[in-house]
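After the structure tokens below, expect a handful of questions from me.
Residue numbers start from 1 in every chain, and the chains themselves are labelled A, B, ... in the order their sequence lines are given, proteins ahead of strands.
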Number of protein chains: 2
Amino acid sequence: MTTLPDPVETAAKPRTRDAEATKARILDAAKKEFAKSGMGGARVDVIAEKAKANKRMIYHYFGSKEGLFQTVLENAYVDIRTAEQKLNLDHLEPRDALERLVRFTWAYYLRNPEFITLVNSENLHRAKHLKKSEVVKVYSRKFVSMMDDILSRGVAAGVFRAGIDPVQLNITVAAIGYYYLTNRFTGSIMFERDLMAKDALEERLRFNIDTIMRLVAA
Amino acid sequence: MTTLPDPVETAAKPRTRDAEATKARILDAAKKEFAKSGMGGARVDVIAEKAKANKRMIYHYFGSKEGLFQTVLENAYVDIRTAEQKLNLDHLEPRDALERLVRFTWAYYLRNPEFITLVNSENLHRAKHLKKSEVVKVYSRKFVSMMDDILSRGVAAGVFRAGIDPVQLNITVAAIGYYYLTNRFTGSIMFERDLMAKDALEERLRFNIDTIMRLVAA
DNA sequence: TAAGAAAGTAACCAGTTAGTGCGTTAGGTG
DNA sequence: CACCTAACGCACTAACTGGTTACTTTCTTA
């Protein structure tokens with residue numbers, strides 16, 4: 001050995017303790033791993049490594065792999081529902097509000113591809129983790145009433161037809177974006193085109209807005 | 001010992017050898033297991049047991065777990081595409097043909113829930129198995145041209161508007177059924193209603209037909 | 001009918017994997 | 001500053017899991 005490394009720069013850091021930061025790093029790594037491999041396929045050791053945390057910490061903070069998955073899933077739902085509420089659609093003209101929601105949903109899926117995979121994984125497990133979550137139900141009610149409000153205002157303004165079920169419409173808005181993106185790999189093969197190319201994505205968004213607008217038009 | 005059992009009825013079956021039947025039993029069991037747990041979560045031992053076959057036979061006939069999955073997946077795609085071709089939509093009035101396709105797609109997903117889960121699993125793996133399949137591409141081309149034909153005839157008859165991309169329409173027809181069913185567990189919690197109840201399913205089908213008809217109407 | 005190919009079986013193996021026991025260390029508090 | 005709680009880390013294990021080895025049994029055919 002020749003020179004001792006500068007302790008300030010390369011010392012094996014005394015690693016200041018920070019429970020919240022460690023938790024956050026674990027959740028972030030877990031979200032990525034669960035999204036990449038699903039709840040069953042994700043490896044706890046890999047999550048610990050990517051989080052630069054010890055595996056023991058995962059069990060300390062989240063109890064089990066399933067506990068960790070449940071927290072990740074719950075956070076994901078809270079995140080999208082919170083973002084939706086921030087759109088302030090009630091200040092917009094009904095048609096603009098609806099178009100904005102379609103655009104937001106599409107953009108959210110594109111920017112948060114983990115969301116889709118987490119939801120798929122949860123449905124493979126028959127929603128056993130989500131069932132335990134009370135928060136999600138509260139947020140979902142707000143989500144439905146938001147659409148209900150847009151529809152009512154649209155009908156009153158004479159721009160939407162009456163009798164549309166907000167739940168069915170919500171499902172449809174999600175479906176036309178979600179399906180395209182979750183099945184982008186098999187879809188690109190079947191239709192022999194790159195569904196993720198920039199112009200393909202733009203075309204799909206236009207098509208989706210069109211689909212929803214024609215569906216609700218008076 | 002008193003009486004010898006009737007060999008025809010109760011003999012500890014000499015287990016007549018039948019490669020095709022064994023293969024078929026393995027494929028059937030594999031489809032169910034892969035659908036229930038995904039490609040990663042399914043267990044080869046469980047498949048062998050359910051197929052009443054020896055695990056060694058799986059490796060003999062299909063090489064590996066992935067080889068087995070690929071065959072199951074390929075069969076699933078061929079099955080739905082074949083059933084679609086049998087609909088004979090080219091003899092129907094365009095609007096009837098399209099409605100029939102929407103109804104068929106919905107009914108197929110309902111009667112073959114494994115299909116959806118297999119496709120989801122394949123997309124989690126970025127379609128690495130489907131990429132190797134040449135058959136699927138051939139069938140898919142026929143699928144697209146079928147929709148193309150319906151659209152052209154509809155435009156010519158003045159009942160559909162022009163300029164609709166058959167691929168986008170195909171994706172949308174699949175999406176509005178597929179999403180509802182694959183996310184039926186989380187959906188039932190979020191919307192606080194049983195999405196699989198008989199009347200809920202009927203309502204969704206009606207809504208979907210309506211969505212597609214309004215989308216293509218002139 | 002002898003022989004060999006194909007179908008079928010049981011036991012086994014090496015590598016993983018979720019989960020733990022137990023000891024160490026940082027840092028806030030009395 | 002002594003003490004104690006909570007953060008952190010290492011090394012281990014019991015159960016599993018995809019895949020294989022070595023073998024027996026059945027059927028076909030020359």
Starting at CD of B:Glu49 and ending at P of D:dC16, how long is that distance when rounded to a whole Å?
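After rounding, the gap between these two atoms is 13 Å.
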
Within the structure, does a side-chain N or O atom of B:Thr22 lie under 4.0 Å from either OP1 or OP2 of C:dG8?
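Answer yes for this pair, as a side-chain N or O of B:Thr22 is under 4.0 Å from OP1 or OP2.
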
Under 3.5 Å, is there a donor-acceptor pair between the A:Thr182 and B:Asn120 side chains?
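No, no side-chain donor-acceptor pair sits under 3.5 Å.
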
Could you check A:Gly63 against B:Met57 and say which one's nearest nucleotide on DNA chain C is further toward the 5' end?
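Its nearest nucleotide being more 5', the pick is B:Met57.
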
Among D:dG18, C:dT9, D:dA7, find the nucleotide with the atom closest to the side chain of A:His60.
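Comparing D:dG18, C:dT9, D:dA7 against the side chain of A:His60, the answer is D:dA7.
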
Return the value, rounded to whole Å, for the distance between atom NZ of A:Lys55 and atom P of D:dC12.
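Spelled out: NZ on A:Lys55 to P on D:dC12 is 13 Å.
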
What is the distance, to the nearest angstrom, from the CG atom on A:Asp18 to the P atom on D:dA7?
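Rounding to the nearest Å, CG of A:Asp18 and P of D:dA7 are 10 Å apart.
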
I need the CD-C1' distance between B:Glu33 and D:dG18, as an integer number of Å.
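About 15 Å, once rounded to whole Å.
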
Return the set of residues passing salt bridge (Lys or Arg N to Asp or Glu O under 4.0 Å) with B:Asp79 (not counting sequence neighbours), or none when no residue passes.
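B:Asp79 satisfies salt bridge (Lys or Arg N to Asp or Glu O under 4.0 Å) with no other residue.
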
Without decimals, in angstroms, what is the distance between B:Glu20 CD and C:dA7 P?
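In whole Å, C:dA7 P lies 9 Å from B:Glu20 CD.
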
Choose from C:dA7, C:dT20, D:dG19 the nucleotide whose nearest atom is closest to any side-chain atom of A:Tyr59.
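Minimum distance to the A:Tyr59 side chain belongs to C:dT20.
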
Side-chain donor-acceptor contacts of residues 164-176 of chain A below 3.5 Å, not counting sequence neighbours, with atom names and distances?
| residue | atom | partner | partner atom | Å |
| --- | --- | --- | --- | --- |
| A:Asp165 | OD1 | A:Val167 | N | 2.9 |
| A:Asp165 | OD2 | B:Arg193 | NH1 | 3.1 |
| A:Asp165 | OD2 | B:Arg193 | NH2 | 3.4 |
| A:Gln168 | OE1 | B:Arg204 | NH1 | 2.8 |
| A:Gln168 | NE2 | B:Glu203 | OE2 | 3.3 |
| A:Thr172 | OG1 | A:Gln168 | O | 2.8 |
| A:Thr172 | OG1 | B:Arg204 | NH1 | 3.2 |
| A:Thr172 | OG1 | B:Arg204 | NH2 | 3.2 |

Under 4.0 Å, heavy atom to any atom of DNA chain C: which of residues 37-48 of chain A qualify?
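Heavy-atom contacts with DNA chain C come from A:Ala42, A:Arg43, A:Val44, A:Asp45.
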
Which residues pass the side chain to side chain donor-acceptor pair (under 3.5 Å) test with B:Tyr77, not counting sequence neighbours?
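Testing B:Tyr77 for side chain to side chain donor-acceptor pair (under 3.5 Å), a comparison that skips the adjacent residues, returns none.
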
Looking at A:Lys142 and A:Glu84, is any side-chain nitrogen of the basic one under 4.0 Å from a carboxylate oxygen of the acidic one?
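Between A:Lys142 and A:Glu84 there is no salt bridge, as every charged N stays at least 4.0 Å from the carboxylate O atoms.
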
Report the C-alpha separation of A:Glu66 and A:Lys128 in whole Å, then their side-chain angles, then the decisive distance to 0.1 Å, and conclude whether the salt bridge (charged side-chain N to carboxylate O under 4.0 Å, His left out) test is met.
CA-CA 10 Å; A:Glu66 297 218 15; A:Lys128 63 181 281 203; 3.2 Å; yes

List every contact pair, protein side and nucleotides 21-24 of chain C side both N or O, where the distance is under 3.5 Å.
| residue | atom | partner | partner atom | Å |
| --- | --- | --- | --- | --- |
| C:dG21 | O6 | A:Arg56 | NE | 2.8 |

Nearest to the side chain of A:Ala19, which nucleotide is it out of C:dG19, C:dG8, D:dA7?
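Ranking C:dG19, C:dG8, D:dA7 by closest atom to the A:Ala19 side chain puts D:dA7 first.
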
Send over the distance from A:Phe62 CZ to C:dT20 P, rounded to a whole Å.
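These atoms are roughly 16 Å apart.
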
Where the side chain of A:Arg25 meets the backbone of A:Lys52, is there a donor-acceptor pair that is under 3.5 Å apart?
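Checked: pair present.
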
Grab the CD1-P distance between A:Ile58 and C:dG19 for me, whole Å please.
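Distance, rounded to whole Å: 10 Å.
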
A:Asn54 CG to D:dC8 P: how many Å, rounded?
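That distance rounds to 10 Å.
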
Do any side-chain atoms of residues 38-51 of chain A form donor-acceptor pairs under 3.5 angstrom with protein atoms, and if so which ones, sequence neighbours left out?
| residue | atom | partner | partner atom | Å |
| --- | --- | --- | --- | --- |
| A:Arg43 | NH1 | A:Gly40 | O | 3.4 |
| A:Lys50 | NZ | A:Glu33 | OE2 | 3.2 |

Does B:Tyr61 put a side-chain nitrogen or oxygen below 4.0 Å from OP1 or OP2 of C:dG8?
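So the side chain of B:Tyr61 is within the cut-off, an N or O lying under 4.0 Å from OP1 or OP2 of C:dG8.
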
With a 4.0 Å cut-off, would you call A:Asp210 and A:Arg206 a salt bridge?
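Judged by the 4.0 Å cut-off on N to carboxylate O distance, A:Asp210 and A:Arg206 do not form a salt bridge.
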
